[in-house]
Colleague: 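Before anything else, here's the structure in question.
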Number of protein chains: 2
Amino acid sequence: MTESAPVHHELPIYRRIADRLRDKILSGDLHDGDRLPGENALMAEYGVARATARQALAVLINEGLAVPRRGSGVYVRLFRPIRRHGSRRLAREQWTAGRAIWDTDAHGRAYAVDQVQIEREAASEEVARVLDTGEVWVRRRRYLVDDRPVQLAASHFPADLVEGTAVVLPDTGPGGVYARLGDLGHSPAHFTEELRARMPHPRETDLLGLPAGTPIIAIIRTAYTAEGRPVEYNEMVLDAASYVLQYDFDA
Amino acid sequence: MTESAPVHHELPIYRRIADRLRDKILSGDLHDGDRLPGENALMAEYGVARATARQALAVLINEGLAVPRRGSGVYVRLFRPIRRHGSRRLAREQWTAGRAIWDTDAHGRAYAVDQVQIEREAASEEVARVLDTGEVWVRRRRYLVDDRPVQLAASHFPADLVEGTAVVLPDTGPGGVYARLGDLGHSPAHFTEELRARMPHPRETDLLGLPAGTPIIAIIRTAYTAEGRPVEYNEMVLDAASYVLQYDFDA
DNA sequence: AAGTGGTCTAGACCACCTC
DNA sequence: AGGTGGTCTAGACCACTTC
């Protein structure tokens, strides 16, 4: 009797446990910050080995739905995004009014800038291609909202354009770098944002303090003057769990 | 929470193995499609137990850098994104020229639509709020590029607006639904896209055939006529590994 | 002190792919 | 047939949190 039975795959135990827990989270049965049943609880409830219980929890952790806390438990994850307006926020009125762009984003919530680093560098191949120059000034910094890091950014400017100006000073003054570029007669007029989502590299995980299962959104924004001269190349890395991006445009 | 005071721990073995493999991938030492050292190889090379070798590989898999193939090995992952233009692609010339929007995106590559489903439904709370109606027609479908699913979409239209029109037929004719809305005197003129990135739910994982470690990009696009009437609410779910999104706008 | 998650070992059986 | 990854068990020691 060589005939074998159809291989009617059951889901593995750890997947079924994970599915049940996920349902409880997504249905609202378990709320933000609630404690999930721990490894011991799952071992007892389902009669499985510890590794299997862990495997089930790992699924939810890697999906970004739960966060483990050493010595304490596994918790349902909070999700409080900031709304970031792609088009509106860069409207000229924003920075000509002397306001920082971040006022537009983090309305009401406490925000801060961190780890500011300003350096003159040789441009990478890609930056050199876009900005059409070999030497750039780079402003790197980290943004925090409610004391939690949410974004990394590295703005690149053609060195000859900004050398000796406030663009390369720690404090760029009212309206920020865009207002300063305006002072120099190079007001940004057109923007391109190129956007990807992926899992973070270890450096990004550290700097943004990301739990497992949190993707990042990588944005490259290029700013052009009305004459079409590129004046800024800005690489941003956003904690995806902290953001909703919005773009408005016409047909 | 941000990582608390790092008590100068050494990295666990599995992390160090994962770090070395990641370096080989990111440095280009290992290329797309190359086979990584397997569990047995890692056990021998580092003198660790099987579970530890697996744990190291799991890190890379959950980062989206590697894909396991049963009975075969673990492979470096391919990354061939499609460029999707947020603003330009919806320019009126596109659909008034009778072209499908997808011609703009998947230039040159084979694309297809799949699992088309057209139904009249009661609007969800959110859709009802945005479209200002309780009854909607919904067009659900899946997009494929090079025979691989890359996007799910569900377009919602106010029922009274599109009842009995080509908008709710399988074939919407030249220029697609936007051209048909134009025929009805409701040409879309303004768009809003709201965008998040997160790990997929199991249903999305299945429909898009996503390997572990692949986030999705969820986009909600709302289309408005020149008079400000909302005429479409489109929920899209994109395989993040398959896309680069581009938005162009002015200051 | 007790409980939690983090790491690791040493086995086992299975389904699947490749040769 | 032999190698690969997928699942699972039954232990162990550790660091950390909570009480």
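The sequence lines fix the lettering, A, B, ..., with proteins before strands; numbering per chain opens at 1.
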Colleague: In whole Å, I'd like the distance from the OH atom of B:Y46 to the P atom of C:dT9.
Modeller: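 After rounding, the gap between these two atoms is 14 Å.
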Colleague: Distance alone, cut at 3.5 Å: any donor-acceptor contact between the side chains of A:R77 and A:T214?
Modeller: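 Looking only at side-chain atoms, A:T214 and A:R77 do form a donor-acceptor pair, the distance falling under 3.5 Å.
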Colleague: Please state how far atom CE in B:M43 lies from atom C1' in C:dG11, giving the value in whole angstrom units.
Modeller: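 In whole Å, C:dG11 C1' lies 10 Å from B:M43 CE.
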Colleague: What pairs meet the side chain to side chain donor-acceptor pair (under 3.5 Å) rule with one or both residues in residues 38-58 of chain B, with sequence neighbours excluded?
Modeller: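 For residues 38-58 of chain B: B:R20-B:Y46, B:E39-B:R50, B:E39-B:R54.
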Colleague: Measure the distance from CG on B:L42 to P on D:dT4 and round it to the nearest whole Å.
Modeller: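 After rounding, the reported distance stands at 11 Å.
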Colleague: Between B:D114 and B:R142, does at least one N-O distance fall below 4.0 Å, as a salt bridge requires?
Modeller: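 Yes, charged N to carboxylate O under 4.0 Å.
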Colleague: Can you list everything that forms a salt bridge (charged side-chain N to carboxylate O under 4.0 Å, His left out) with A:E119? Sequence neighbours excluded, please.
Modeller: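 Per chain and number, A:E119 pairs via salt bridge (charged side-chain N to carboxylate O under 4.0 Å, His left out) with no residue.
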Colleague: Strictly under 3.5 Å: I want the nitrogen or oxygen pairs between protein and nucleotides 5-7 of chain C, one per line.
Modeller:
{"unit_1": "C:dG5", "atom_1": "OP2", "unit_2": "A:E39", "atom_2": "N", "d": "3.0"}
{"unit_1": "C:dG5", "atom_1": "N7", "unit_2": "A:R50", "atom_2": "NH2", "d": "3.4"}
{"unit_1": "C:dG6", "atom_1": "OP2", "unit_2": "A:R54", "atom_2": "NH1", "d": "3.2"}
{"unit_1": "C:dG6", "atom_1": "OP2", "unit_2": "A:R54", "atom_2": "NH2", "d": "3.4"}
{"unit_1": "C:dG6", "atom_1": "N7", "unit_2": "A:R50", "atom_2": "NH2", "d": "2.9"}
{"unit_1": "C:dG6", "atom_1": "O6", "unit_2": "A:R50", "atom_2": "NH1", "d": "2.9"}
{"unit_1": "C:dT7", "atom_1": "OP1", "unit_2": "B:Y14", "atom_2": "OH", "d": "3.0"}
{"unit_1": "C:dT7", "atom_1": "OP2", "unit_2": "B:Y14", "atom_2": "OH", "d": "2.9"}
{"unit_1": "C:dT7", "atom_1": "O4", "unit_2": "A:R50", "atom_2": "NH1", "d": "3.3"}

Colleague: Determine the interplanar angle of the A:Y233 and A:H156 rings, folded into 0 to 90°, and report it as parallel if under 30°, tilted if 30 to 60°, perpendicular if over 60°.
Modeller: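 The rings of A:Y233 and A:H156 stand perpendicular, inter-plane angle above 60°.
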